[in-house]
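Worksheet for the structure shown next.
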Amino acid sequence: MTNKFNLTVLPGDGIGPEVIREAIKALKVVASNFDLDFEIEEAMMGGCAIDAFGNPLPDEALAKCRAGDAILLGAIGGPKWDTTDPNKPRPEQGLLGLRKGLELFANLRPVKVFKSLIASSTLKPEVIEGVDLLVVRELTGGLYFGASAREGTKAFDTLEYHDFEIKRLLAVAFDLARKRRRRVHSIDKANVLESSRLWREIAIEMGGDFQDIELIHQLVDNCAMQLIRNPKQFDVVATSNMFGDILSDEASMLTGSLGMLSSASMGDTYPALYEPIHGSAPDIANRDIANPIATILSVALMFRYSFNLDAPAQAIEGAVDAVLEAGWRTADIMSEGKKQVGTTQMGDLICSEVEV
Ligand code: IPM
Ligand code: MG
């Protein structure tokens, strides 16, 4: 395998550029430690691209993303571009266009509780200690991409799934479960929705081919409740686009902060995309207080999933653990007796742990 990689970086809006700066810093330290060579190409996507080109996903950005080996995204959006006018561009269209344009149908969102942060969660320590689950969300179909329109006083969105879309997503979930604790919760609303009944039929059928995996069907409303009641029951949680969007935000709060969680979006054809699951937090942008950890951990996911390099991934994850264990915190995860630092200093601390 070559040691040279082309990375496309989309800093985006709000705190995006700040957290990306720290992630690139960490990437460079790890790359030099492991003798890996990274060529970095930046592109504009989101609100910044609307301002510069009137288009949230310029062709050039999509082309750069397709041409590289992996993509790292900061965050996009902000009140500046908020509108309910269907004829005006929104930053989110850039992200959705990228997911579709790169056929990134599987979105992996690991939710792991950091021991040192148990006190930052709003839930009881005994409920969340040891939580380690993975949301596998369908990302290029369902309610997000069905026909939708305004017709006079009426508006509609359509929820459609083809069998192949469900099958390829569930295949990813079953495969990942094999490398974990061998349990898949398939989440649907089969008591009401036809598309969910198709989803469930396919899950049952595929379960037959994965006899070593325990398959549990759960209705989405029940799942939302179970995530709070007893999150330790979950290993892999496989679900559709909209349910996955909602459940993954809920699951993230088990860890105490959205600022800690990273995600990977992948398909079969184009490079995978890595991003923190938090948004662009425009209210705290440019103040050096944002938490860069989720973006730094996204770099670890990139090493693991795109380049099959576990050692650099572990070096980053270990450094984050060590810095947290030593008591360093950004404002969002601050608690009594800990030492508060800003975005840049958190990045520096993690880099110096990677170095040793
Ligand atoms: C996410 C976000 C996006 C989504 C938005 C920004 C379009 O909430 O990645 O979860 O809804 O998918
Ligand atoms: Mg979301």
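Each ligand, and each atom within it, is numbered from 1 in the order the structure gives. FYI, the numbering just counts along the sequence from 1. Model, not experiment: these values are computed from the prediction.
The shortest N/O to N/O separation between R109 and ligand 1 falls below 3.5 Å. Between D245 and ligand 1, at least one pair of N/O atoms sits closer than 3.5 Å.
Remark: K100 qualifies as a cation-pi partner of F145 under the 6.0 Å distance and 45° angle criteria applied to the six-membered ring. With a 6.0 Å cutoff to the six-membered ring centre and a 45° limit on the axis angle, R137 counts as a cation-pi contact of Y144.
Here the closest non-hydrogen pair linking I118 and E129 is CD1-CG, 3.7 Å. Smallest separation of non-hydrogen atoms from S262 and A294: CB-O, 3.3 Å.
Listed by number with element, the atoms of ligand 1 under 4.0 Å from a non-hydrogen atom of R137 are 1 (C), 4 (C), 9 (O), 10 (O), 11 (O), 12 (O). Interface of R99 with ligand 1, defined as ligand atoms under 4.0 Å from a residue heavy atom, comprises 1 (C), 4 (C), 9 (O), 12 (O).
Using a 4.5 Å cut-off on side-chain heavy atoms (C-beta onward), N241 and Y161 make contact.
Coordination check, D245 versus the Mg ion (ligand 2): passed, since an N/O/S atom of the residue sits under 2.8 Å.
In this structure, the protein non-hydrogen atom closest to atom 5 (C) of ligand 1 is E92 CG, 4.3 Å. Y144 OH, 3.4 Å is the protein heavy atom nearest to atom 4 (C) of ligand 1.
Side chain of Q218 to main chain of V220: no donor-acceptor pair is present (N/O by atom type, distance under 3.5 Å, no hydrogens or angles).
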